[in-house]
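Just below is one structure, and these are the notes that go with it.
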Amino acid sequence: MLEILLYAGRAIMPLLLTMALGCWLRHSAHWSDDFYRQLNSFCFHVLLPVQLFLNVYAIEDMSVLNWRLLGFIVVCILGAAGLGVAAAPLFARDRGQRAVIAQATFRANQVIMGIPLASALGGQEALIFASLVTSVCVPVFNVLAVVVLTAYSEEKNLSWRDEVRRIFQNPLILGALAGFAAVLLRQLAPSVFDLPQTLPSVYKVCGDLSRAASPLVLVILGARLRFDAVQGLWKKITAAVAMRLVVVPLIVLTLVLLLREPLGLTTVEMPTIVAIFCSPVAVTSAVMVQEIGGDEQLAQQVVAWSSALSMVTIFCFASGLRAMGVM
């Protein structure tokens, strides 16, 4: 199990070091907080939608998916979101802080952390399955995040039509929908809508923007992180991190073990379950909190602490599953 611990460290340490770079830049450079706020907005409106578009466009063959397992995963994500919304009032009175706790409960760092984790735990076959599942789960994460954050918005007089409109105006949702549309068009006319072949320059630009998204978001996160805020937020941070790294994984993995045969779950697919439900809070969650509404500082703290502590929790869950012979 030492290799799992070493992998968790190798996977998460770059995230922490990139955030540390952001902290150093804030203290040593002359850029204001408004500069980082504007960069944050650029990531939300340009880089992250492009990244999500390419993640969805990467779907090759949906027929190879274990649809029962995929449905189970989506139901568990929805259940985790419901649990987060129900539990958030127990830990915070402020609507903005409740939004952060609720989002942290279900939204995993699947793209940056989850896919490499699945590969490390299960090899190339697990990586292929994890990539396919991620193409479906990431849009689900983003739609739920928009719904939850919109529900906790301070604009309490919004009608349901306005809320639906805000959801479908969200750049991340638009990126996912564009990706699904491109996949559908590619299926109908492969020779026309195969972007790497028909529009190679555009596809390359999209790829470059997508690769820039995650590191830039991490730098911004580190630059805007305030450790002096921990003292006043530590109870909320503990609640959000515990829900993400302990409560949700325990519930989901217990259900998986009980329903393993009906789901047709294999040892190749189990690493994807671990990756989705044991990964730390998504880096992009802090970006959305700023753009849609919520406690930015709490969101940033939750991302940082869940990333660091997940090295321990991932090791514990992966070790237990391997000891039981299911992974």
Side-chain angles (χ1 to χ4, degrees), residues 51-84 105-148 167-168 172-173 175-190 193-194 248-279 282 317-318 321 324-327:
Q51 184 185 67
L52 189 54
F53 168 80
L54 290 183
N55 287 340
V56 175
Y57 185 76
I59 297 174
E60 293 290 344
D61 184 7
M62 299 294 286
S63 64
V64 301
L65 278 175
N66 180 340
W67 287 98
R68 283 179 296 174
L69 180 59
L70 180 60
F72 172 81
I73 291 172
V74 172
V75 169
C76 286
I77 293 172
L78 294 172
L83 178 63
T105 302
F106 69 86
R107 195 169 185 196
N109 195 355
Q110 179 64 9
V111 175
I112 299 174
M113 178 68 182
I115 292 178
L117 176 60
S119 176
L121 295 175
Q124 183 64 27
E125 291 186 30
L127 173 61
I128 295 171
F129 181 75
S131 299
L132 289 170
V133 172
T134 298
S135 299
V136 176
C137 290
V138 168
V140 173
F141 284 139
N142 283 282
V143 170
L144 284 175
V146 175
V147 171
V148 169
I167 289 171
F168 283 98
L172 301 181
I173 303 301
L177 292 176
F180 281 116
V183 170
L184 178 61
L185 291 172
R186 188 182 61 198
Q187 296 294 320
L188 297 174
F193 294 102
D194 186 355
V248 168
L250 278 175
I251 294 173
V252 173
L253 292 178
T254 300
L255 290 174
V256 166
L257 293 175
L258 293 175
L259 301 173
R260 187 183 173 195
E261 290 187 10
L263 292 172
L265 186 67
T266 67
T267 55
V268 172
E269 295 164 338
M270 181 62 85
T272 299
I273 302 292
V274 175
I276 292 173
F277 295 102
C278 299
S279 293
F317 285 119
L321 291 172
M324 289 185 282
V326 296
M327 187 172 69

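When a residue number appears, it is its place in the shown sequence, counting from 1.
In this structure, the side chain of Q187 does not engage the main chain of L184 through any donor-acceptor pair within 3.5 Å. In terms of modelled atom types and a separation under 3.5 Å, the side chain of R107 and the main chain of A145 share no donor-acceptor contact.
The two residues T105 and G84 have their closest heavy-atom pair at OG1-CA, 3.5 Å. Considering every non-hydrogen atom in both C278 and P249, the closest pair reads SG-CB, 3.8 Å.
Side-chain contact check for F72 versus L255: some heavy-atom pair is nearer than 4.5 Å. Under the 4.5 Å side-chain criterion, counting only non-hydrogen atoms from C-beta, F106 is in contact with L144.
Each of I273, V274, T272 was evaluated against I276; a single residue qualifies, T272, per the side chain to side chain contact (heavy atoms under 4.5 Å, CB included) test.
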- Task: Decide yes or no on side-chain contact (heavy atoms from CB on, under 4.5 Å) for V133 and L69, but give the supporting numbers first.
- Result: CA-CA 10 Å; V133 172; L69 180 59; over 6 Å; no
- Step by step, work out the side-chain contact (heavy atoms from CB on, under 4.5 Å) result for V326 and L265. CA-CA 9 Å; V326 296; L265 186 67; over 6 Å; no
- Message: One pair to check against side-chain contact (heavy atoms from CB on, under 4.5 Å): F277 and V256. What are the steps and the verdict?
- Response: CA-CA 11 Å; F277 295 102; V256 166; over 6 Å; no
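Note: T254 OG1 to L259 CG = 10.5 Å, rounded to the nearest 0.5 Å. In this structure, C137 SG and I73 CD1 are separated by 5.5 Å, a value rounded to the nearest 0.5 Å. With rounding to the nearest 0.5 Å, the separation of CZ in R260 from CD in E269 is 10.5 Å.
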